[in-house]
Enquirer: 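Got a structure here, written out as structure tokens. Questions coming.
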There are 2 protein chains.
Amino acid sequence: MSTIGKALSLLDTLSRLDKEVGLTDIARLCSLDKATARRFLVELEKHGFVEQDADSRRYRIGSAPVRLARIREARYPFLRVAVPFIKTLAESSAETVHLSEFSGGRLSTIHVEDPPRAHRIIVDVGSILPFHATASGLAFLAFCPPREIDAALQKPLEKFTDHTVVDPELIRGLLEETAARGFSISHQGLEAGVISAAAPVRAPDGRPVGCVAVAAPLSRTTKTAIHEFGAQAIAAANAISEKYYGSERLTGTSPKTRRRD
Amino acid sequence: MSTIGKALSLLDTLSRLDKEVGLTDIARLCSLDKATARRFLVELEKHGFVEQDADSRRYRIGSAPVRLARIREARYPFLRVAVPFIKTLAESSAETVHLSEFSGGRLSTIHVEDPPRAHRIIVDVGSILPFHATASGLAFLAFCPPREIDAALQKPLEKFTDHTVVDPELIRGLLEETAARGFSISHQGLEAGVISAAAPVRAPDGRPVGCVAVAAPLSRTTKTAIHEFGAQAIAAANAISEKYYGSERLTGTSPKTRRRD
DNA sequence: AGCTGAGGTTCAAATAATGAACCATAAGCG
DNA sequence: CGCTTATGGTTCATTATTTGAACCTCAGCT
């Protein structure tokens, strides 16, 4: 792997910890030599991507990404475009609606709207959504090129609940269903007692960039209701995509869909 | 320079352009070979730091920084902490108040509060504040270690208006004044007709991390008023620092102020 | 004192980055 | 149409950077 890749992986690892860590720890977590980790950290620090606490000497994410994110968001205000649709859906469905974005090989939650009622599903912003065990993950994968599906299913698949599907062939079945009807359903895949439906937000080239998902308590959710949520998620996802990518057509399969292969 | 540094500089360069650019352009702007620039871009793209438009093949900032920024902000919500103080100051001073943050070697505007009156100074979020020509820049530099002041003053100093001070020795004088009274004044340094006062927000180790600045039309601002703004900026900056860094002491010069030297 | 584990540094050896030259494609033009 | 000149993208021998075992230093602990 390139040096740049390793340094960015270190940054990624650092970002996934919930506390600041010391040099030795971060080196171990990244399987890097201490000296190497240190050089990376120094270099990343020079550019503001990490910060070292002056007292504890531990490292944390720096402020450079904040600046970059502001610029990116100023030009591509994905959240600002998407949030109103998520809000509307949370109101009309009266369930928790969350939006995820694919970044750095993972699908992570970038916004959550809680419905105006007490008994609801809690989803945290920033949480990572496993591809095989969440509605969002399935919805995302189902619209990916086959090669990426294969790659995702070759990795070890964690069994989060008794209901988590971990057999790659069964998952392929779910993905086909999802592709056919346009939305996915996760029946207690990540947490017991929770059912979700999700639809992908797709870029003009057809590639998914994230997902809209409705999560509801299993106890009060009928089969009809979850299908209705799925249909609403598709509508919201398409609306976001259309608004975000402007007048560019969502042309199913455009001549320039793929870059190389 | 290390490979990582070069790649991050490329990212920085890309972030400073107001439009997407092609491979040849970005290579030229970074003084890199085309092949090298391409490898960097591919590597950065793998990790979501840049994106390539599928049609135009041009590159732009990706979504990874957005994710990192969310994490950083979730743990260190600098803006959320600072904004209320900026708002209060904008109301009490009845002038535009802006907050800047040091990142990647530059001071950039991260928040602006407009006062509730028609005739006011406009400052854009995201704008870069030159060290020698703005109140924020001077306030920041004045509390930096001497080595960084030297470094900043060795670079070419652009003359933005007839009043911009570009003589390094005169600037050193301004910095001493600033350090002595705790806030800086910029008299039409960046734009004609504008006077500003700024104070640094400092980390517990004493290093400035950003600045609070009040910007007013020169025409209605007396010497007394600008000094009053300066004093209020100091108060706001210190309040932000105290709230952001928690109970840690702002100990003037702690034993561990510097990392090496 | 002596031990342990932290952060941080060194320098010969190993490896990855480099860039001139290359190809492919598209647009402009006589 | 063929030529020119852009663009994005790729190759591979050369070269410079990265690497990591061993090292140092400091703080806390026995």
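Each chain gets a letter, A, B and so on, in the order the sequences are listed, and its residues count up from 1. Not measured: the values here are computed from a predicted model.
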Enquirer: Write down the distance between CG (D55(A)) and C1' (dA6(C)), rounded to a whole number of angstrom.
Expert: 16 Å
Enquirer: How many angstroms lie between CD in E43(B) and CD1 in I4(B), if you round to the nearest 0.5 Å?
Expert: 11.0 Å
Enquirer: Please tell me which of R39(B) and D25(B) maps to the more 5' nucleotide of DNA chain D, matching each residue to the nucleotide holding its nearest heavy atom.
Expert: D25(B)
Enquirer: Whole angstroms only, please: what is the CG-C1' distance between D53(B) and dG8(D)?
Expert: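 Answer to the nearest Å: 14 Å.
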Enquirer: Please check the phosphate of dT17(D) (OP1 and OP2 only) for any side-chain N or O of S2(B) closer than 4.0 Å.
Expert: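 For S2(B), the contact criterion (side-chain N or O under 4.0 Å from OP1 or OP2 of dT17(D)) is not met.
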Enquirer: Between dG8(C) and R57(A), is there an OP1 or OP2 to side-chain N/O distance shorter than 4.0 Å?
Expert: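 True: R57(A) side-chain N/O within range (under 4.0 Å) of dG8(C) OP1/OP2.
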Enquirer: Looking only at side-chain atoms of A35(B), point me to the closest of dG20(D), dA20(C), dG8(D).
Expert: dA20(C)
Enquirer: Just to verify, which of L141(A), L129(A), T109(A), L99(A) counts as forming a side chain to side chain contact (heavy atoms under 4.5 Å, CB included) with S136(A)?
Expert: L129(A)
Enquirer: Ignoring backbone atoms, establish whether T36(B) has a side-chain N or O less than 4.0 Å from OP1 or OP2 of dG19(C).
Expert: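 Checking T36(B) against dG19(C): at least one side-chain N or O falls below 4.0 Å of OP1 or OP2.
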Enquirer: In whole Å, I'd like the distance from the CD atom of E20(A) to the C1' atom of dA6(C).
Expert: 16 Å
Enquirer: Does dT18(C) have its OP1 or OP2 closer than 4.0 Å to a side-chain nitrogen or oxygen of K6(B)?
Expert: yes
Enquirer: What I want to check is whether an N or O donor and acceptor connect the side chain of K34(A) with the base of dG20(D) at under 3.5 Å.
Expert: no
Enquirer: Just how far, in rounded Å, is C1' of dT9(C) from CD of E43(A)?
Expert: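 Interatomic distance, CD of E43(A) to C1' of dT9(C): 16 Å.
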Enquirer: Whole angstroms only, please: what is the CD1-P distance between I4(A) and dT15(C)?
Expert: 19 Å
Enquirer: Taking the side chain of T3(B) as its heavy atoms from C-beta onward, which of dG7(C), dT18(C), dA16(C) lies nearest to it?
Expert: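 The answer is dT18(C).
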Enquirer: Roughly how many Å is it from CG in L41(A) to P in dT18(D), rounded to a whole number?
Expert: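 Going from CG in L41(A) over to P in dT18(D) covers 15 Å.
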Enquirer: For dG8(C), does OP1 or OP2 lie under 4.0 Å from any side-chain N or O of R38(A)?
Expert: yes
Enquirer: Could you tell me whether E20(B) atom CD has more than 12 heavy atoms of other residues or ligands within 6.0 Å of it?
Expert: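 Yes, the 6.0 Å shell around CD holds more than 12 heavy atoms from other groups.
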Enquirer: Do the ring planes of F140(A) and F102(A) sit parallel (below 30°), tilted (30 to 60°) or perpendicular (above 60°)?
Expert: parallel
Enquirer: Both V21(A) and D33(B) contact DNA chain C. Taking the nearest nucleotide for each, which residue is further toward the 5' end?
Expert: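 Its nearest nucleotide being more 5', the pick is V21(A).
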Enquirer: Could you state the interatomic distance from CD1 (I26(B)) to OG1 (T13(B)), rounded to the nearest 0.5 Å?
Expert: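 Here the interatomic distance stands at 5.5 Å.
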